[in-house]
Amino acid sequence: MGRVKYAARNIMFGYVSNIITLLLNAILRYVFIMRLDETLLGINSTYTNILSVLSLAELGVGTAINFSLYAPVAKGDREKVKAYMQFYKKAYRMIAFIVAAVGLILVPFLKYIIKDPVGIDSTQDLINFYLIFLFNTVSSYFVAYKYSLPNAEQKNYIQSNVITITKIVTTLVQTIVILATSSFYGYLISASVIELAQKIFANIYLNYKYPYLKEKNVEKLTKEETSDIKRKTGALVCHKVGDVARLQTDSIIISGFINVAMSGMVDNYNMVISSVSNFVNIIFNSVISSFGNLIATESREKQYNMFCIYRFFASWIYGFSAVGFYILLTPLIKLWLGDKWILPGAVIAAILIDYYFKGERVVLSNYKTAAGVFEQDKYLPLVQGAVNLVISVVLVIKIGLIGVYIGTIVSGLLANIIRPVIIYRVCFERKATSYFYDTVRYTAVIILAAACCVLCSNIFMKEVTIASFAVMIVIITLVFNGIFLIFFGGTAEFRYLFAIFRDKAYAVVNRLHR
C-alpha cells in the first residue's frame, strides 16, 4: 500500500474516531457541569495539565526511536526492529517509575496549585483525585511504546481505533455514573478501570499482531545506534522541557493566580477547539510516518515539493478553522452551556491567534520529526518556555487572563521565525525567504476572509439561535473558501491537492457503480 493510501486510511479512521468522541464529549461535559460544579471541572483540567508536565520524563525517547524505526521498517529488517523495540521497552519502564516518583513528590504542593477550591472540604480529596490521575498516566507507559511499530508502518489507524472504542465506552460509562451518583470519585474511577482494561487488551493484541517482539533472541543495538538515540534524545530533552513550559502551564497559572473555577471555564473553550481541531490535526499527524518513508526513499527536491504542498494545505485549513472558531465559538458556548460560561472576546481572539500560528508550527514540527532534525534548534524551546512563563506570570498579575495568552503567543512566534530557517537549511539546502513570503501571502488572505466573514455574521447572526448558527456555518464555509480559491486556486499546491481529491472521488464513485 502506498504512502497516500496509508495516509488516507489513517485520516479516515481518525475522522470516524473524532466524530464519535466529539459528540460524546459534548454530552459528557454538559452532564458534568449540570451534576457536578465548576470547581471540579477546573480540578479536572488542572490535574490533566500537571500530568502532561510529568510526561516530561519521557524526554523524547519515543520520538527518537520512532524516527529510528522508519528505515528498518521500510527495509523489512525484522531483527533491527526487535532491537529497537527492546530498547524502547526498557526505557519506558524506567520512565514509568520516574513519573510515579516525581508525581508522588508533588502531592504536598497540590494545595498551593489549586486556588480557591470552593466546595472541596477535604485536602485528602484533592490528593485522592490526583493519585487516580497519576495511576492512569503511569500505567500507560507499559503499553504505549508498542504502538510505535504499527505507526512506523504507517498504520496509525490501529492506535486510533483502540482509542476510539475505549473513549466511547469510557464516556458512556462516565455519563451514566454521574447521572446515577453525581460523584467525581465515580467519574474518575470508572474511567481508570476501563482504560486499564484497554491497556491490557492492547498489549495482548499487539503481541498477537507482532509475535516476533516476544522472541528472546534479540540482538543489541550497536554503539553507534545507541549513541544516535542518546544524541537525539538529548536534543529532544530541551524540546520537551520548553514545550511543557510553554504549552502545558497555562491552566496551572490560571488555577494558581486567578482561581481553579476559571481554569474550568477556559477548559470548555479549549475542549471545543481541541475536539474540532483534532479533525485538522488528524490530517497532518497521519502523514508523519509517510514523510518518514518519503525522506528515507525520495530525492530532496521531491521532499521540498511535498513540504510546500503540506504547508499550503495547513495554512488553508488552520486559517479556515480559526476564522470559524472566532465567529462561532461564543455562540456555541451560549447555546450549549449558557451565558455563565462566556469568556471575554479579547481572550478568545488571543487564543485563536495562537491556534493559527500553532498550526503553522505543526507543519514544521511534524516534518522536523520525520526528518530527525532534533539537535539544530534544541535550545529554542527552552527560550520559548522561559519567555512564556515570565510574560504570562507578569501579565496575569497585571491584566488578568488575557496576559496568560499574550505570553503564549509571543513565545510561540519565536519558533515561527527561527524554525523555518533551520529546516530549509538542513533539509532542503535553501534559504527560507520563500517560506516567509508565503506566510505573508497566506496570512493576508486569511485576514481578508475573516473580515468578510465577520461582516456577514453582523448581518445574519444578530440573535444567537440554532438556525442562525447553522446559517453562519454555511456562509463562513462558502465565503472563506471562495476567497482562498480566488487567490490560490491556480497554484501548483492546490492543483496537486485537487488531483488527489478528484482521484479519490472517482474511486468512490466507481465502487458504488460496481
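Note that the structure is predicted; figures quoted are calculated from it, not measured. Residues take their numbers from the sequence shown, with the count starting at 1.
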- Query: So do the side chains of Leu188 and Asn44 get within less than 4.5 Å of each other, counting heavy atoms only?
  - Reply: yes
- Crowded around Met94 CE? As in, over 12 foreign heavy atoms under 6.0 Å? no
- Task: Please indicate whether Tyr30 has more than 12 foreign heavy atoms, meaning atoms of other residues, nucleotides or ligands, lying under 6.0 Å from its OH.
- Result: no
- In terms of the angle between their ring planes, are Tyr210 and Tyr212 parallel, tilted or perpendicular, with boundaries placed at 30° and 60°? perpendicular
- Give the C-alpha distance, both sets of side-chain angles, the deciding distance and a yes or no for side-chain contact (heavy atoms from CB on, under 4.5 Å) between Val363 and Phe313. CA-CA 10 Å; Val363 174; Phe313 190 51; over 6 Å; no
- Message: Could you go through Lys82 and Met85, starting from their C-alpha distance and side-chain angles, then the distance that decides it, and tell me whether this counts as side-chain contact (heavy atoms from CB on, under 4.5 Å)?
- Response: CA-CA 5 Å; Lys82 285 164 55 180; Met85 292 299 290; 5.9 Å; no
- Query: Which distance, rounded to the nearest 0.5 Å, do you find between the CD1 of Ile194 and the CD1 of Ile165?
  - Reply: 13.0 Å
- To the nearest 0.5 Å, atom OG of Ser411 lies from atom CG of Asp354 at 7.5 Å
- Query: Between Arg29 and Asp267, what is the shortest heavy-atom contact and its length?
  - Reply: NH2-OD2, 3.0 Å
- Task: With the side chain counted from C-beta on, respond yes when Thr181 and Tyr187 share a heavy-atom pair under 4.5 Å apart, and no when they do not.
- Result: no
- Query: Can you check whether Asn203's main-chain N or O pairs, donor with acceptor, with Asn207's side chain at less than 3.5 Å?
  - Reply: yes
- Could you give me the CA-CA distance, side-chain angles and deciding distance for Leu401 and Ile254, then say whether side-chain contact (heavy atoms from CB on, under 4.5 Å) is met? CA-CA 7 Å; Leu401 183 59; Ile254 293 167; 3.6 Å; yes
- Message: Between Tyr205 and Tyr208, is the ring centroid distance below 6.0 Å?
- Response: no
- Query: Hey, what do you get for CD1 (Ile333) to CE (Met265), rounding to the nearest 0.5 Å?
  - Reply: 9.5 Å
- Note on the structure: Nearest heavy-atom approach of Ala191 to Gln174 is CB-NE2, 3.2 Å
- Query: Any sub-3.5 Å donor-acceptor pair from Arg419's side-chain atoms to Leu364's backbone N or O?
  - Reply: no
- Item | Any Ile189 side-chain heavy atom under 4.5 Å of Ile132 side chain | yes
- Message: So, taking the atom named OH in Tyr326 and the one named CG in Leu352, what distance separates them when rounded to the nearest 0.5 Å?
- Response: 9.0 Å
- Item | Shortest non-hydrogen separation from Ser190 to Val173 and the atoms involved | CB-CG1, 3.8 Å
- Query: Do the side chain of Ser392 and the main chain of Leu389 share a donor and acceptor less than 3.5 angstrom apart?
  - Reply: no
- Query: Is any side-chain heavy atom of Tyr130 closer than 4.5 Å to a side-chain heavy atom of Leu106?
  - Reply: yes
- Item | Validation row: Arg93, Lys90 side chains within 4.5 angstrom (heavy atoms) | no
- Hey, does the side chain of Arg35 reach the backbone of Ser182 with a donor-acceptor pair shorter than 3.5 angstrom? no
- Message: Check whether Thr46 reaches the backbone of Ile43 with its side chain - one donor and one acceptor, N or O, closer than 3.5 Å.
- Response: no
- Distance from Asn268 atom CG to Leu337 atom CG, nearest 0.5 Å? 5.0 Å
- Query: Is it true that a side-chain atom of Asn416 and a backbone atom of Phe357 form a donor plus acceptor pair closer than 3.5 Å?
  - Reply: yes
- Message: What I'd like to find out is whether the side chain of Tyr356 reaches to under 4.5 Å of the side chain of Ser315, using heavy atoms alone.
- Response: yes
- Query: Taking the six-membered ring for Trp, are Tyr47 and Phe129 ring centroids under 6.0 Å apart?
  - Reply: no
- Query: Does some side-chain heavy atom of Ile27 sit less than 4.5 Å from a side-chain heavy atom of Thr171?
  - Reply: no
- Verdict with supporting geometry, Val362 and Tyr318, side-chain contact (heavy atoms from CB on, under 4.5 Å): CA-CA 10 Å; Val362 164; Tyr318 280 103; 3.8 Å; yes
- Query: Do Tyr405 and Ile353 have side-chain heavy atoms sitting under 4.5 Å apart?
  - Reply: no
- Query: Do Trp336 side-chain atoms and Ala26 backbone N/O form a donor-acceptor pair below 3.5 Å?
  - Reply: yes
- Got a second to check how far Ile258's CD1 is from Ile253's CD1, nearest 0.5 Å? 9.5 Å
- Query: For Leu134 and Val99, which heavy atoms make the closest approach, and how far apart are they?
  - Reply: CD1-O, 3.9 Å
- Query: What is the minimum heavy-atom distance between Gly42 and Ser263, and which atoms define it?
  - Reply: O-OG, 3.9 Å
- Establish, from distance only, whether the side-chain atoms of Asn270 and Ser274 form a donor-acceptor pair under 3.5 Å. no
- Task: Compute the centroid of each ring, for Tyr88 and then for Tyr92, and state whether the two points are separated by less than 6.0 Å.
- Result: yes
- Query: For Leu332, which of Phe469, Phe325, Tyr269 qualifies under side-chain contact (heavy atoms from CB on, under 4.5 Å)?
  - Reply: Phe469
- What's the shortest heavy-atom distance between Thr166 and Gln198, and which atoms? OG1-CG, 2.7 Å
